[in-house]
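Notes follow the structure.
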Amino acid sequence: MEEVRNAEGTAPGVKDWQEDLSQAPISTKIVVAGGFGVGKTTFVGSVSEIEPLTTEALMTQASEGEDDIAPTPEKTTTTVAMDFGRITLESDLVLYLFGTPGQQRFWFMWDDLVRGAIGAVVMADTRRLEDCFPALDYFESCGYPYVVAVNHFEGTTAYEAEDVREALSVPKRVPVVIMDARERPTVLKSLLALVSHALDVTPA
């Protein structure tokens, strides 16, 4: 049976680059990391052009003493494996986002999640900056490019990026951005900062 094609000569539902792989977009993996309840799931969901994959589970009494929910008392679920989303920045650049679990008992999955990534967005909450230290140490030690994205929660004090840099002892070479994980434009700003930083520090 003869294959049906449209006026452009392409089969219905088939993208141009699927027939000419030289036009295929570059796919890039980015990790979104940080402490418990910092907003990683919200970050991924804010920009994903597909329904994000989440592994949220209800928090139970088993987490008492393990997870500090005082700053986020309304939080009833937690990520137990990863979050996943996708965003097309340009016709030739697709980002795949992988959010890590924040609790220490799930850190054993980080090595698998970051494999093949160009870098990471490390999210920070100014109400408990110490929670992002493990992620900062991890990416510093393994040499992955990263940026710090300070998630400004409603009702909290707004700090300048350089004040947060000093508090966290983040090197000058690492970009620090202020954002709101609920606001798509600021999430995009964080992702673009990472892509630009990764291109600057990765050998050609």
Side-chain angles (χ1 to χ4, degrees), residues 27-57 67 71-72 75 77-89 93-129 131-153 161 164 168 170 174-199 201-202:
S27 58
T28 299
K29 179 179 181 180
I30 287 177
V31 172
V32 183
F36 170 76
V38 76
K40 299 181 295 294
T41 300
T42 302
F43 182 104
V44 173
S46 291
V47 294
S48 181
E49 62 196 17
I50 61 172
E51 184 67 26
L53 167 67
T54 63
T55 55
E56 293 278 287
D67 303 322
T72 53
K75 187 173 176 62
T77 61
T78 184
T79 299
V80 295
M82 70 172 186
D83 300 311
F84 173 77
R86 184 191 73 202
I87 177 173
T88 303
L89 286 185
L93 179 59
V94 178
L95 303 183
Y96 291 97
L97 310 179
F98 290 77
T100 67
Q103 305 94 317
Q104 184 174 355
R105 59 187 180 279
F106 297 128
W107 287 355
F108 67 90
M109 290 185 272
W110 281 32
D111 287 344
D112 288 331
L113 287 175
V114 304
R115 188 172 294 116
I118 65 165
V121 174
V122 177
M123 296 185 65
D125 179 352
T126 56
R127 297 171 296 180
R128 43 182 181 175
L129 285 176
D131 287 0
C132 72
F133 283 132
L136 293 175
D137 291 342
Y138 179 89
F139 292 107
E140 275 289 338
S141 64
C142 64
Y144 276 90
Y146 69 93
V147 300
V148 176
V150 183
N151 192 13
H152 178 57
F153 286 84
V164 177
L168 293 174
V170 174
V174 176
V176 177
V177 297
I178 307 296
M179 48 79 68
D180 185 331
R182 301 166 300 178
E183 300 293 334
R184 191 173 192 270
T186 66
V187 175
L188 283 172
K189 176 183 175 183
S190 303
L191 293 172
L192 290 171
L194 174 62
V195 172
S196 177
H197 180 55
L199 288 173
V201 302
T202 302

Inset, instruction - With rounding to the nearest 0.5 Å, note down the distance linking OG1 in T100 to CG in D83. - result: 8.5 Å
Inset, instruction - Indicate yes or no: at least one non-hydrogen side-chain atom of L97 is less than 4.5 angstrom from one of V47. - result: yes
Legend entry - Distance-minimising heavy-atom pair for A149 and V121: CB-CG1, 3.6 Å
Inset, instruction - May I ask you to test the F139-V114 pair for a side-chain heavy-atom distance under 4.5 Å? - result: yes
Inset, instruction - Return yes if some donor-acceptor pair links the side-chain N/O of T202 with the main-chain N/O of L199 below 3.5 Å, else return no. - result: no
Counting only pairs under 3.5 Å, give me each side-chain donor-acceptor contact of residues 184-194, with atom names and distances, residues two or more places apart or in other chains.
{"unit_1": "T186", "atom_1": "OG1", "unit_2": "D180", "atom_2": "N", "d": "3.1"}
{"unit_1": "T186", "atom_1": "OG1", "unit_2": "D180", "atom_2": "O", "d": "2.8"}
{"unit_1": "T186", "atom_1": "OG1", "unit_2": "E183", "atom_2": "O", "d": "2.9"}
{"unit_1": "S190", "atom_1": "OG", "unit_2": "T186", "atom_2": "O", "d": "3.1"}

Inset, instruction - Any chance you could measure L89, atom CG, to L95, atom CG, to the nearest 0.5 Å? - result: 4.0 Å
Inset, instruction - Please step through side-chain contact (heavy atoms from CB on, under 4.5 Å) for the pair L168 and F133, ending with a clear verdict. - result: CA-CA 8 Å; L168 293 174; F133 283 132; 3.7 Å; yes
Legend entry - Heavy-atom pair with the smallest gap, counting every atom of V150 and V176: CG2-CG1, 4.1 Å
Legend entry - From CA spacing to verdict: side-chain contact (heavy atoms from CB on, under 4.5 Å), D131, V38: CA-CA 9 Å; D131 287 0; V38 76; over 6 Å; no
Inset, instruction - Taking all heavy atoms of A124 and all of C132, pick out the closest pair and write down the distance. - result: CB-SG, 4.0 Å
Legend entry - Heavy-atom pair with the smallest gap, counting every atom of F36 and R128: O-NH2, 2.8 Å
Inset, instruction - Go through the structure and list residues passing side chain to side chain donor-acceptor pair (under 3.5 Å) with Y144, not counting sequence neighbours. - result: none
Legend entry - Partners passing side chain to side chain contact (heavy atoms under 4.5 Å, CB included) against E140 (at least two apart in sequence or in another chain): Y146, P171, R173, V174
Inset, instruction - Kindly compute the distance separating OH (Y96) from CZ (R86), expressed to the nearest 0.5 Å. - result: 5.5 Å
Legend entry - Distance-minimising heavy-atom pair for V122 and A135: CG1-CB, 3.8 Å
Inset, instruction - State whether the side chain of N151 and the backbone N or O of M123 hold a donor-acceptor pair below 3.5 Å, judged by distance alone. - result: no
Legend entry - Shortest non-hydrogen contact between T88 and E49, atoms and distance: OG1-OE2, 2.8 Å
Inset, instruction - For the pair S46 (side chain) and A181 (backbone), establish whether a donor and an acceptor sit closer than 3.5 Å, ignoring hydrogens and angles. - result: yes
